[in-house]
Amino acid sequence: MELVLAGYLYTLALLTLAWVLRQYLRATYDLLSMRNVALMGFIVFQLVSAARVVQRPVSGDFRLYYPTETGITFAAWSTVFLFVFMLSYRWRWPASKLVPRAKRLNLVPDERTLWTYIIVCLVCGAAFMRLPIPLVGLVTSKVGLALVAMSAGLVGWIWATKPRDGRTILGALFVLGSGLLLATLGEFGRRPLIAVSACFIFGAYYSVWRYMRPHTVLKRVAFMVIPAVLVVGMFTAARGGLREAHNKGPIAQLKAVARANPAQGIAMLADGQGAANKAMWIMERFPERYAYRPVSTLVYAFYFPIPRNWWAGKPDTLSMDLPHLAKMEKVNRDSLTLGPGAIGHAAADGGLPVLILYAVIAGVAIRYIDELVVASADQPLTLLPLVAASGQILGLARGEAGVFASIYAISAIGAYAFILVSAWVLARARLVTVASAPAASFDREAHEQDFEPYGWPERDPDPPAPLPLEVQRILRGEADDEIQIKRAA
């Protein structure tokens, strides 16, 4: 039975991945989107992780009483979550009503302007991350990381236009390396590294790669993803050493990462870090042993930005309570956090009805983000704030979902607000032109954007905004000579 159950979970993971690739190869959906990032996280941290637990039940603090029976329930819940999530994602009405109704900009900033913003985002982001700011430091540090990731995305945007230019390559290596270094030293966790790496890839994709043939794009994305996975794998393998070195200074942290074995870290990532096992442990104990925490994950998303100095009785998250509930030994329970992912949160927050509620909210919210991404596909200064915290979207399936959702909102809104303010300052300092800055900082009427998707083919109502019809024809080789000439030019 264990083999059959594990096979079902692996099959569900492969079918989800194949469906994503099929949509892209049919030129009806972008390869890189927040929906696909969230699905990749769910595949690794829930489906694959659960399959490995079913095959080899763990012992210790999170030992399962009935691994097979709980695994069957977990597989059923995962299937329901995926189905409801995708059904909600296809529901266009909420997203289309929430997307700002304003005219889209048709101007792409020139290279000089982009380099100006790269420097500003990198320097200011580093300052926000490293300088302790009383009371609001929690928010400013998240915005600072988003700005650092944005600098990587902007340099990726430029590099994709001329990938063989020596000066551009050196500049890209410097900015990307600086971003990864700041992400490693600034916050403890893998999501900052993922944010910087993913933003660079998103920038290159929406700048040039998006309009290439699918097999070329897949090769280029894979070429960029592999080094990013190695870096994250090294960080994962070094987590124990990094916890000890975190307060010893940046040199000690870098040495801990340099000594790590990336193969070991990648194996830990493939295992999903036991997220599904913790979710199953919760399913066995809520509500029989511990009382439900009604929709606490959703509520905490609004609590998170409030400093504990302002609210002495601020509730703890499930990830903070889990080490105490499991009575873990030989660890500091007060400083350890263990996120059980989407399924585990639903099991603790109210069971199957809450699981469906969370799937609906996730589908509608991520659909809204993707509508904004597609509407801003040719505008790097409005696109990249939306993807600067993509590590939080990837981690929704593994960690404290309410916290990650709140961090994403803070990062995206804060980064875009910074771009608007900096545009106003830079334009008056004559470092950029008004035409190169976001219109919202200069023209109130222009900010009433009219985000119209590229069009919805009747045969497939699923994608939020398929590629332009002209691009689809080019990808299928159906473009006429005039279009091919324009593309070649």
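Owing to the predicted nature of the structure, the values given are computational and were not obtained by experimental measurement. All heavy atoms count here, side chains included; hydrogens, waters and symmetry mates do not.
The 12-atom threshold is not exceeded at CZ of Arg164, counting heavy atoms of other residues, nucleotides or ligands nearer than 6.0 Å.
Annotation: Trp159 is in aromatic contact with Phe200 [ring centroid separation under 6.0 Å]. In this structure, Phe42 has its ring center at least 6.0 angstrom away from the ring center of Phe85.
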| Trace of the side chain to side chain donor-acceptor pair (under 3.5 Å) decision for Asn36 with Tyr24 | CA-CA 11 Å; Asn36 289 350; Tyr24 173 63; over 6 Å; no
| request: Take Val364 and Tyr368 through the test side chain to side chain contact (heavy atoms under 4.5 Å, CB included) and record every step on the way to the result. | output: CA-CA 6 Å; Val364 172; Tyr368 172 63; 5.7 Å; no
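The aromatic rings of Phe304 and Tyr300 sit tilted relative to each other, their planes meeting at an angle between 30° and 60°.
Although no hydrogens or angles enter the test, the distance criterion places a donor-acceptor pair under 3.5 Å between the side chain of Thr382 and the main chain of Gln379. A donor-acceptor pair under 3.5 Å links the side-chain atoms of Ser411 to the main chain of Ile407, judged by distance alone. The backbone N or O of Gly339 sits nowhere less than 3.5 Å from a side-chain atom of Ser319 that would complete a donor-acceptor pair. For Ser422 (side chain) and Ile419 (main-chain N/O), a donor-acceptor pair under 3.5 Å exists by modelled atom type. Distance alone, capped at 3.5 Å, places no donor-acceptor pair between the Ser49 side chain and the Gln46 backbone. For Ser376 (side chain) and Leu372 (main-chain N/O), a donor-acceptor pair under 3.5 Å exists by modelled atom type. Checked by atom type and distance alone, the side chain of Arg367 pairs as donor or acceptor with a backbone atom of Tyr89 at under 3.5 Å. With hydrogens and angles ignored, the 3.5 Å screen pairs no side-chain donor or acceptor of Tyr358 with any backbone N or O of Phe81. Arg191 contributes no side-chain N or O that, together with a main-chain N or O of Gly395, makes up a donor-acceptor pair within less than 3.5 Å. Listed for the Thr161 side chain is a donor-acceptor partner under 3.5 Å among the backbone atoms of Ile158.
Taking the centre and axis of the six-membered ring of Tyr29, the NZ or CZ atom of Arg35 falls inside the cone set by 45° and 6.0 Å.
Side-chain contact between Ile393 and Val387 is absent, with no heavy-atom pair separated by less than 4.5 Å. Side-chain contact between Ser207 and Pro380 is absent, with no heavy atoms from C-beta onward closer than 4.5 Å. Considering only heavy atoms from C-beta on, Thr297 stays 4.5 Å or farther from Thr317 through its side chain.
Of the N and O atoms on the side chains of Ser33 and Asp30, not one donor lies less than 3.5 Å from an acceptor on the other residue.
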